[in-house]
Amino acid sequence: MLAPVSKLTTAAKRMLLGRPFRSDSLGHTLLPKRIALPVFASDAMSSVAYAPEEIFLVLSAAGISAYIYAPWVGLAVAFVMAVVVASYRQNVHAYPSGGGDYEVATTNLGPNAGLTVGSALLVDYVLTVAVSISSAASNIGSAIPFVATHKVLFAVVAIAVLTAINLRGVRESGTAFAIPTYAFIVGMFVMLGWGLIRIFVLGEDLQAESSGFGLKAEDEHLYGLAFAFLIARSFSSGCAALTGVEAISNGVPAFRKPKSRNAATTLLMLGTFAIVLLMGIIILAQKIGIVYAHDTDDLIGAPPGYHQKTLIAQLAETVFHGFPIGFFFITTVTALILVLAANTAFNGFPVLGSILAQDRYLPRQLHTRGDRLAFSNGILFLSGAAIAFVVLFGAEVSKLIQLYIVGVFVSFVLSQTGMLRHWTRLLRTETDPAQRSRMKRSRVINAVGLSATGTVLIIVLITKFFAGAYIAICTMVAIFIVMKMIRKHYDSVSRELEEQEWDGVLPSRSHSIVLVSKLHLPTRRALAYARATRPDTLEAITVNVDEADTRALVREWEKSDVTVPLKVIESPYREITKPVLDYVKRVRKDSPRDVVTVFIPEYVVGHWWEQILHNQSALRLKGRLLFEPGVMVTSVPWQLTSSTRARTPGMVNAPGAVRRGYDDRT
């Protein structure tokens with residue numbers, strides 16, 4: 001019917017996404033560790049590009065002198081990260097199915113705890129995309145003025161590109177992201193290593209371009225609780241570096257065998273790289289005297305029109321002074337890693353959404369893999385939600401960052417609590433001394449993880465709630481309620497369909513009605529088909545919306561060889577749908593045990609614009625008749641010449657056929 005449009009859509013889909021994969025080729029999309037690291041670790045790696053920056057920004061409220069505490073804040077963040085990495089290595093071994101925190105919490109703490117984790121992670125994944133892409137826009141805007149003035153446009157386009165790449169399938173997207181991720185890691189290590197060597201080994205006095213500036217502090221005389229609150233805010237902002245750690249526990253099924261071991265190894269590599277880079281950036285930034293402020297107006301001594309570069313850009317400019325290639329390389333790979341950081345969410349969100357859909361907490365469409373074996377619906381949903389946040393907050397990192405972190409630490413806390421209960425339950429029945437020793441060691445690790453993440457969650461809630469975290473919390477609550485309602489609906493439908501017994505009573509008679517507008521070939525085919533079903537009663541009806549046309553139809557009917565009686569239904573208001581519905585209801589009321597079958601002739605056309613010109617009354621009528629009990633609706637197609645020309649020789653799969661394992665013939 002819409003063959004040309006379908007062909008164009010299919011061609012565009014294949015050009016953007018590639019040819020579909022058979023279901024039995026899923027094993028070929030599993031990731032080796034060298035590809036899994038950039039796929040799942042890009043978020044945690046990119047966090048070191050803005051987490052140290054956030055630490056310095058918060059401390060700047062107390063003046064430059066407060067920067068002395070930056071390394072200590074960094075050490076606290078690094079400690080929490082090490083604890084979380086160690087804890088999640090236990091998770092991936094105990095729960096390798098890919099449910100991650102959701103599965104841990106649901107199994108050990110109950111469905112409500114699992115839903116809390118699920119809603120928190122869904123929000124966190126969306127914010128990961130929004131924050132990472134917005135930060136990339138800010139970094140690129142430092143070098144390209146057009147991007148700086150069109151950050152929202154850049155962010156939306158970047159999210160769309162990432163969506164298309166991920167829709168092609170996880171392995172191809174992993175290969176695409178491997179080069180820039182490894183380039184970022186190598187580039188950062190080279191920059192930090194060369195900078196620290198020049199300072200501590202060669203004894204050079206490196207000074208950043210902002211080192212000579214003063215700072216208008218909001219309050220340089222903070223003491224006691226006020227100063228402790230400032231340090232806590234700095235720490236909570238720095239904990240953005242921990243986002244993305246949980247993604248590996250949700251993505252274990254994407255690893256090659258042995259899945260748990262490979263996932264745990266990748267997690268260890270992620271934590272090691274992130275901690276070293278985090279501390280290296282903070283120490284080097286402090287040594288070269290970087291001064292960083294929310295607004296350039298707060299920088300004392302800055303020249304008119306001064307544009308404040310990002311923390312990483314200032315580091316690269318100072319370390320590679322006189323070597324512009326090094327500076328541009330670092331700024332380029334930093335911008336790339338920030339864009340690609342969103343890929344962690346594009347891998348984690350669809351898998352989690354699929355698991356929630358399988359448990360009937362989200363629409364079942366999120367559980368279905370697309371033609372490229374990716375969870376296409378989840379990817380598209382994530383993309384749309386992230387774009388909404390970017391547009392709503394104007395792609396401003398300083399605003400979005402306030403909503404960040406809450407979700408991931410809620411999942412951290414519930415996950416570690418669930419793991420404690422998991423090990424305690426296993427220890428009750430385990431008798432092997434070696435296994436008991438291993439379980440006790442794992443329980444201690446998870447207990448330390450619970451203490452650390454619980455403390456951070458309390459600090460985050462205290463320091464960020466009124467700054468914007470309440471928006472994320474309200475969103476989590478809303479998602480939690482919606483998921484409960486979806487599950488309630490699915491359970492209700494399941495009970496309705498399964499609990500009632502089928503009485504097996506057949507209708508006593510069959511009453512067939514053929515709708516007629518003109519006595520033409522489609523009508524004659526509908527009459528012939530209706531007669532072939534051998535109904536007990538067969539009649540044709542037409543609605544009188546035009547007196548002259550109706551009289552002409554009746555005369556033609558009487559002169560024809562058609563033996564089926566034609567009944568005219570009056571319609572004083574020239575409606576078609578309501579008179580037919582009323583007539584069908586009267587037939588049902590007169591014979592409640594009869595089944596009424598309505599035959600509707602329809603045109604099959606070959607162009608989309610022809611569809612607009614035909615079948616509209618039939619579509620409206622069918623939509624209303626479907627709600628009538630005891631009424632069956634049958635469409636009788638008549639193929640017009642345009643539909644015959646639009647046919648494509650050969651066999652073509654319907655959209656999504658590959659998901660069911662059919663051969664690809666497109």
Quiz item: With sequence neighbours left out, what residues match Phe389 under ring-ring contact (aromatic ring centres under 6.0 Å, His included)?
Solution: none

Practice problem: Give a yes or no on whether the backbone of Thr116 and the side-chain of Ser119 come within a donor-acceptor separation of less than 3.5 Å. | Solution: yes

Exercise. Please assess Leu427 against Arg443 for the test side-chain contact (heavy atoms from CB on, under 4.5 Å), listing each intermediate value before the final yes or no.
Key: CA-CA 10 Å; Leu427 282 168; Arg443 186 169 65 172; 3.6 Å; yes

Practice problem: Compare all side-chain heavy atoms of Val117 with those of Ser415 and state whether any distance is below 4.5 angstrom. | Solution: no

Practice problem: Say whether, by atom type as modelled, one donor and one acceptor occur between the side chain of Tyr182 and the main chain of Arg34 under 3.5 angstrom. | Solution: yes

Practice problem: For residues Met483 and Gly118, report the shortest heavy-atom separation together with the two atoms involved. | Solution: CE-C, 4.4 Å

Self-check item: Minimum heavy-atom distance between Cys239 and Val456, given as atom pair plus value
Solution: SG-CG1, 3.8 Å

Practice problem: Using the side-chain hydrogen bond (donor to acceptor under 3.5 Å, both in side chains) rule, collect all pairs that involve residues 426-435, keeping only residues at least two apart or in two chains. | Solution: Gln435-Arg438

Between side-chain atoms of residues 460-474 and protein atoms elsewhere (two or more places apart, or another chain), which donor-acceptor pairs fall under 3.5 Å?
unit_1: Thr463; atom_1: OG1; unit_2: Ser236; atom_2: OG; d: 3.1
unit_1: Thr463; atom_1: OG1; unit_2: Ile459; atom_2: O; d: 2.7
unit_1: Lys464; atom_1: NZ; unit_2: Ser237; atom_2: OG; d: 3.2

Practice problem: Identify, with sequence neighbours excluded, every residue that meets side chain to side chain donor-acceptor pair (under 3.5 Å) alongside Ser234. | Solution: none

Exercise. Give, for atom CG of Leu315 and atom CG of Leu192, the distance between the pair rounded to the nearest 0.5 Å.
Key: 7.0 Å

Exercise. Begin with the C-alpha distance, continue with both residues' side-chain angles, and end with the deciding distance and a verdict on side-chain contact (heavy atoms from CB on, under 4.5 Å) for Thr107 and His422.
Key: CA-CA 8 Å; Thr107 303; His422 168 79; over 6 Å; no

Quiz item: Just how far is it from atom CG of Leu457 to atom CD1 of Ile405, taken to the nearest 0.5 Å?
Solution: 10.5 Å

Self-check item: side-chain contact (heavy atoms from CB on, under 4.5 Å) evaluation trace for Leu122 with Val126
Solution: CA-CA 6 Å; Leu122 290 176; Val126 172; 5.8 Å; no

Practice problem: Sequence neighbours left out, what pairs pass salt bridge (charged side-chain N to carboxylate O under 4.0 Å, His left out) with at least one residue falling in residues 469-491? | Solution: Arg360-Asp491, Arg487-Asp491

Practice problem: Determine whether Phe273 and Phe189 make a side-chain contact, defined as any pair of heavy atoms from C-beta on separated by less than 4.5 Å. | Solution: yes

Quiz prompt | Phe480 vs Met476, side-chain contact (heavy atoms from CB on, under 4.5 Å): CA-CA, chis, key distance, verdict | solution = CA-CA 6 Å; Phe480 180 91; Met476 288 181 229; over 6 Å; no

Quiz item: Taking all non-hydrogen atoms of both residues, which atom of Ala386 and which atom of Val129 are closest, and how far apart?
Solution: CB-CG1, 3.5 Å

Quiz prompt | For Ser383, all residues meeting side chain to side chain donor-acceptor pair (under 3.5 Å), sequence neighbours excluded | solution = Thr163

Practice problem: Would you check if Val390 and Ser134 make a side-chain contact, meaning some heavy-atom pair closer than 4.5 Å? | Solution: yes

Quiz item: What's the shortest heavy-atom distance between Ala240 and Tyr50, and which atoms?
Solution: CB-CE1, 4.0 Å

Quiz item: Does anything in residues 257-279 pair up under side-chain hydrogen bond (donor to acceptor under 3.5 Å, both in side chains), and if so which pairs, sequence neighbours excluded?
Solution: Lys33-Asn262

Practice problem: Over all heavy atoms of both residues, which pair between Ala158 and Ile133 is shortest? Give the atoms and the distance, please. | Solution: CB-CG2, 4.0 Å

Quiz item: Under the 3.5 angstrom rule, does the side chain of Asn108 hit a backbone N or O of Val104 as a donor-acceptor pair?
Solution: yes

Quiz item: Can you name the nearest heavy-atom pair linking Pro363 to Ala357, along with the distance?
Solution: O-CB, 3.3 Å

Quiz item: If you measure from CD1 on Ile185 to CE on Met45, what distance do you get to the nearest 0.5 Å?
Solution: 5.5 Å

Self-check item: 4.5 Å side-chain heavy-atom contact, Leu414 and Leu109
Solution: yes

Self-check item: Residues forming a side chain to side chain donor-acceptor pair (under 3.5 Å) with Glu54, sequence neighbours excluded
Solution: none

Self-check item: Distance (rounded to the nearest 0.5 Å) between Ile282 CD1 and Lys287 NZ
Solution: 13.5 Å

Less than 3.5 Å apart, which donor and acceptor atoms pair up between the side chains of residues 67-84 and the rest of the protein, not counting sequence neighbours?
unit_1: Tyr67; atom_1: OH; unit_2: Tyr292; atom_2: N; d: 3.2
unit_1: Tyr67; atom_1: OH; unit_2: Tyr292; atom_2: O; d: 3.0

Quiz item: Less than 4.5 Å apart, any side-chain heavy atom of Tyr490 and any of Met485?
Solution: no

Practice problem: Drop me the distance from Leu338's CG to Ser135's OG, to the nearest 0.5 angstrom. | Solution: 4.0 Å

Quiz item: Within a strict 4.5 Å, meaning less than it, do heavy atoms of the Leu311 and Pro52 side chains meet?
Solution: yes

Exercise. Taking atom types as modelled, find out whether Asp101 and Tyr95 have a side-chain donor-acceptor pair closer than 3.5 angstrom.
Key: no

Exercise. Would you mind reporting whether Ile337 and Thr181 have side-chain heavy atoms less than 4.5 Å apart?
Key: yes

Self-check item: Under the side chain to side chain donor-acceptor pair (under 3.5 Å) test, residues paired with Thr128 that sit two or more places apart
Solution: Tyr404

Quiz prompt | With Asp359 via side chain to side chain contact (heavy atoms under 4.5 Å, CB included) - residues at least two apart | solution = Tyr102, Ile355, Tyr361

Exercise. List in chain and number order the residues that pass ring-ring contact (aromatic ring centres under 6.0 Å, His included) with Phe184, two or more places apart in sequence or in another chain; answer none if no residue qualifies.
Key: none

Exercise. Measure the shortest side-chain to side-chain distance between Leu426 and Arg436 over non-hydrogen atoms and say whether it is less than 4.5 angstrom.
Key: no

Quiz item: Do we see a donor-acceptor contact under 3.5 Å between the side chains of Asn446 and Gln416?
Solution: yes

Self-check item: Distance, nearest 0.5 Å, that separates OG1 of Thr334 from CE of Met191
Solution: 7.0 Å

